[in-house]
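Positions are given from 1 along the sequence.
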Amino acid sequence: QVQLVESGGGLVQAGDSLRLSCAASGRTFSSYAMGWFRQAPGKEREFVAAISGNGGSTYHADSVKGRFTISRDNAKNTVYLQMNNLKPEDTAVYYCAAGQTFHSLPTVYVYWGQGTQVTVSS
């Protein structure tokens, strides 16, 4: 069982930066691939970024490539999402997820956090 708690969301202006954190419980954090997803009102959950268990592989959605960066610190059981040059269309609830497979599909992730709201004003 893995419990995930996101933090770092908030209200910012377009062009600002935020860093989201996701703290995980459990001793086997490094064995899980981690993903960030987001969901805006009235829209389906959307893949943002994923990182392999050892951090050696990452994958970012085209919509955030060059602006967002996923990373992890296995010693701290934490995964991060650095978000730069935020745009109003980035407004959403951001979720972190843990799974056995490094993938962009939300269905392969087993554990999910409660989410943190990111709102970007124009």
Just distance, no hydrogens or angles: give the donor-acceptor pairs under 3.5 Å from side chains in residues 115-122, sequence neighbours left out.
from: Thr116; atom 1: OG1; to: Gly9; atom 2: N; distance (Å): 3.2
from: Gln117; atom 1: NE2; to: Ala92; atom 2: O; distance (Å): 3.4
from: Gln117; atom 1: NE2; to: Thr119; atom 2: OG1; distance (Å): 3.3
from: Ser121; atom 1: OG; to: Val12; atom 2: O; distance (Å): 3.3

Worksheet item: Under the 6.0 Å and 45° cation-pi test, does Arg45 pair with Tyr95?
Response: yes

Worksheet, complete the sentence: Contacts of Ala98 meeting side chain to side chain contact (heavy atoms under 4.5 Å, CB included) (sequence neighbours excluded), chain-then-number -> Leu4, Tyr32, Met34, Tyr111

Worksheet item: Hey, mind stepping through Ser104 and Tyr59 against side-chain contact (heavy atoms from CB on, under 4.5 Å) and telling me if it holds?
Response: CA-CA 8 Å; Ser104 61; Tyr59 176 47; 3.8 Å; yes

Discussion item. More than 12 heavy atoms of other residues, nucleotides or ligands under 6.0 Å from NZ of Lys76: yes or no?
Written reply: no

Worksheet item: Out of curiosity, Ser57 OG to Ile51 CD1, how far, rounded to the nearest 0.5 Å?
Response: 8.5 Å

Item to complete: Taking the side chain as every heavy atom from C-beta outward, state whether Phe68 and Val48 have any atom pair closer than 4.5 Å.
Response: yes

Worksheet item: Can you check whether Ile70's main-chain N or O pairs, donor with acceptor, with His60's side chain at less than 3.5 Å?
Response: yes

Practice prompt. For Asn54, check side chain to side chain contact (heavy atoms under 4.5 Å, CB included) against everything at least two apart and list the hits.
Written response: Ser52

Fill in: Summary of side-chain hydrogen bond (donor to acceptor under 3.5 Å, both in side chains) pairs that have at least one residue in residues 4-23, sequence neighbours excluded
Ser17-Asn84

Discussion item. In the structure I gave you, are the side-chain heavy atoms of Gln1 and Ser25 within less than 4.5 Å of one another anywhere?
Written reply: no

Worksheet item: Judged by atom type as modelled, is there a donor-acceptor pair below 3.5 Å linking the side chain of Ser30 to the main-chain atoms of Thr28?
Response: no

Fill in: Pair Thr69-Tyr80, side-chain contact (heavy atoms from CB on, under 4.5 Å): steps then yes or no
CA-CA 8 Å; Thr69 303; Tyr80 304 98; over 6 Å; no

Discussion item. So, using ring-ring contact (aromatic ring centres under 6.0 Å, His included) as the criterion, who are the partners of Phe37 when residues are at least two apart?
Written reply: Phe47, Tyr109, Trp112

Worksheet, complete the sentence: So the salt bridge (Lys or Arg N to Asp or Glu O under 4.0 Å) pairs with at least one residue in residues 81-101 (sequence neighbours excluded) are Arg38-Asp90, Arg67-Asp90

Fill in: Minimum heavy-atom distance between Met83 and Leu20, given as atom pair plus value
CE-CG, 3.7 Å

Worksheet item: What's the spacing between Thr58 OG1 and Arg72 CZ if we round to 0.5 Å?
Response: 11.5 Å

Worksheet item: Same hydrophobic cluster for Val110 and Phe29, using side-chain heavy-atom links shorter than 4.5 Å among ILVMFWY?
Response: yes

Worksheet item: Nearest heavy-atom pair of Val2 and Ala24: which atoms, and what distance?
Response: CG1-CB, 4.2 Å

